[in-house]
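Proteins get letters first, then strands, A, B, ... in listed order; numbering begins at 1 in each.
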2 protein chains.
Amino acid sequence: MTNKNIGIKDVAVAAGVSVTTVSHVLNEVSYARISPETRDKVKSAAEQLGYGPNRLAQALRTQRTGMLGLVSEDIATTPHAGRIILGADEAAKARGYGLMIINTSGSASLESRRADVDALLERRVDGILYATMYHRNVELPANLGSVPSVLVDSVAKGGNITAVIPDEDGGARAAVGALLEAGHTRVGFINNTDDVPATRERLQAFRTMLTEAGLDGDAAPVESEVSEVHGGYEAARRILAREDRPTGLFCYNDRMAMGAYRAAAELGLSIPGDLSVVGFDDQELIAANLHPGLTTVALPHYEMGAWATEHLIDAVEGKTDLTLMALHPTILGCPLVRRDSIAAPRP
Amino acid sequence: MTNKNIGIKDVAVAAGVSVTTVSHVLNEVSYARISPETRDKVKSAAEQLGYGPNRLAQALRTQRTGMLGLVSEDIATTPHAGRIILGADEAAKARGYGLMIINTSGSASLESRRADVDALLERRVDGILYATMYHRNVELPANLGSVPSVLVDSVAKGGNITAVIPDEDGGARAAVGALLEAGHTRVGFINNTDDVPATRERLQAFRTMLTEAGLDGDAAPVESEVSEVHGGYEAARRILAREDRPTGLFCYNDRMAMGAYRAAAELGLSIPGDLSVVGFDDQELIAANLHPGLTTVALPHYEMGAWATEHLIDAVEGKTDLTLMALHPTILGCPLVRRDSIAAPRP
DNA sequence: GTTCTTGTTGGTCATCTGTGTCCCACGTCC
DNA sequence: GGACGTGGGACACAGATGACCAACAAGAAC
């Protein structure tokens, strides 16, 4: 157990050697030639005293803190941030790094976010992860450039910073594909109204998937609303009121799908008997708990957090050149999570 | 903007004074007598060079890092952890402290949690917050005692560590009270099966509230299941199948309430017309998005995080003696959040 | 047998970036 | 001319690291 009051000096005295020797044996430096007996003396003395290295002093000397800064938007409003943090934490822990977390708001001023980054820089973090709550184009504080940094779940407005984002296109294709595969030919899309990459890319994937399947993708029904439960409800009411009522529904996210469930229930449509539904996000609290369970597409938050951390550490340790990766964002897959909301359409 | 490469030494050279003087000026030490002109020279030099203090070196010298360690259980599985972190982050930021976060698992071995705490100690955090995912009795690693620590959302098995927990009793009373107030006389409770304080305390509060209202608390119907949506569904099916079917239902948490909603829908009971429901937790994703919105009791996670941080910093700065507060856990209120799931019973 | 080389084993000292105590130089005032 | 006030610098210290140096014994050269 690390004891705050014991330093390398105390160990040296206890073992009857110099502090240098203690440092050498404890760090197992290759060039140090030290007799096995001395090694043992030092090690057991350290053990007995409960010596733990003072990482601050180490960091000061070596110019490496072994700490990564993570500025995360809106830590508490979605479970997404939690999964990014978890991925980052586990990747960091596995390589002996720690995480300093600062919360910021998606709507915070550039200046306040600059101050957040500055707080991390003053503490001499080795690198910085900048995570946003949802995939978008984000303006980054300039001081982020002074240490290796990776952007999680967004791309930078100015470009040229390494970023990792979800595969919107592939995810949407998987979702629509699951409906087509089940045999649906009348498929609708309930979309978001925000101007974010996901809105555009999912819509486009929706249309091309239908077209590729020999259906008229351009004519397929699409209704847009705010990406909340009530928006999903409204949009679903409209889309299900059409004469050529779709038998398959792709929803922008799980919350909107939850709204669609209610709309279907009100119209007396059973899921998946009368209507198949597929969502996006895999918010477990919703997707797994709806009845029937919602088939949806998982956003790779954990994986993005881990990927970003892994590569950030590589960069810190000089194993990678981040500027090379900065040209294009890295895209991580969005796997389909099958539950029970898709069935073949009634004949 | 903090520039990593600029030290106090560079400022001293630029201003034509000694490093001591720079330190004195920048820290505004009271005993230093320095002419206004020198002050200005130093300050503008620091400004120009983009000097930022090296918190590591400061910490090494002053034996204060200004960092708090937060070990949090299961960061990603519930939104609860996020709210604790947010409360802690904002309280810490307000007082100039930073947060080092380590994730652990509720089921992790004592040894691995000891290692987590050790990682924080090696980094010489000034204090530690230990947050659990739900209110219970937790066994803490012994090395937690070596710096000031506060336990969030649990009490320690051994006792004698300052802790802050939610007011289970008061919250449950508020929930049941809301049903009684609306005029319900046949009220049931859907409880959890886990052996945690909340299970016992909410049950007891339920019974005493009824009794205090002149009803037969001991005879009131209670059904227990696992605290998930499907458990809530099962329990609700049973409780609603009784001859003296309750018109008001208190659910152990929002997830179980969600299950109760489905059971009610299947039985053709409308909420709140035929059945009033009240939950616990205020998981927004569920409570706000059910239809009708679920009246529930909010767990003060943000407040507990903030309270714990505030008092931890007080202890670190010698303004409080934590051992005095360790005698009894501090209890924070659980306010009722009114939505639309409670109405008067049909006459 | 004495000095020199060489390998072994560890220690010395500067360094990382600041902080804080103590001390010094210089004027002034009675 | 000694006490005192003012402005600022020297220096030790916090806890480590690492390049380089030193002591010593064994064997080699003379």
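Listed by first and then second residue, the ring pair (Phe, Tyr, Trp, His ring centres under 6.0 Å) pairs involving residues 85-117 of chain B amount to none (not counting sequence neighbours). Each side chain to side chain donor-acceptor pair (under 3.5 Å) pair with one or both residues in residues 7-21 of chain A, not counting sequence neighbours, appears once here: A:Ser18-A:Thr21. Legend: ring pair (Phe, Tyr, Trp, His ring centres under 6.0 Å) pairs involving residues 67-94 of chain B, not counting sequence neighbours, sorted by first then second residue: B:His80-B:His301.
Counting 5' to 3', DNA chain C first comes under 4.0 angstrom of a heavy atom of chain A and last does so at the ends given by C:dT8 to C:dT17.
In this structure, A:Glu47 places its CD atom where only 12 or fewer heavy-atom neighbours from other residues, nucleotides or ligands lie under 6.0 Å away. Other residues, nucleotides and ligands place more than 12 heavy atoms under 6.0 Å from the OH atom of A:Tyr302.
Between the side chain of A:Thr162 and the backbone N or O of A:Leu322 there is at least one donor-acceptor pair closer than 3.5 Å. Checking side-chain atoms of A:Glu73 against main-chain N and O of A:Met133 turns up a donor-acceptor pair under 3.5 Å.
Between A:Thr104 and A:Val71, some side-chain heavy-atom pair lies under the 4.5 Å cut-off. Residues A:Met100 and A:Leu120 are in side-chain contact: their nearest non-hydrogen atoms beyond the backbone lie under 4.5 Å apart. Inter-residue side-chain proximity for A:Ile8 and A:Ser23 is flagged as met; some heavy-atom pair is nearer than 4.5 Å. Using a 4.5 Å cut-off on side-chain heavy atoms (C-beta onward), B:Arg64 and B:Val316 make contact.
For the pair A:Arg64 CZ and D:dG15 P, the interatomic distance rounds to 24 Å; values are reported in whole Å. In this structure, B:Leu56 atom CG and D:dA14 atom C1' are separated by 12 Å, rounded to whole Å. The distance from atom CZ of B:Arg39 to atom P of D:dT6 is 14 Å, rounded to the nearest whole Å.
The phosphate of D:dG8 (OP1 or OP2) has a side-chain N or O of B:Ser35 nearer than 4.0 angstrom.
When the nearest nucleotides of DNA chain D are assigned to A:Asn54 and B:Thr38 by heavy-atom distance, the more 5′-ward of the two goes with B:Thr38. In this structure, B:Ile34 and A:Gln58 both approach DNA chain D, and ranking their closest nucleotides by distance from the 5' end singles out B:Ile34.
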Nucleotides 21-23 of chain D: which of its N/O atoms have a protein N/O under 3.5 Å away?
none

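Across residues 8-21 of chain B, B:Val17, B:Ser18, B:Thr20, B:Thr21 each have a non-hydrogen atom less than 4.0 Å from an atom of DNA chain D (numbered order).
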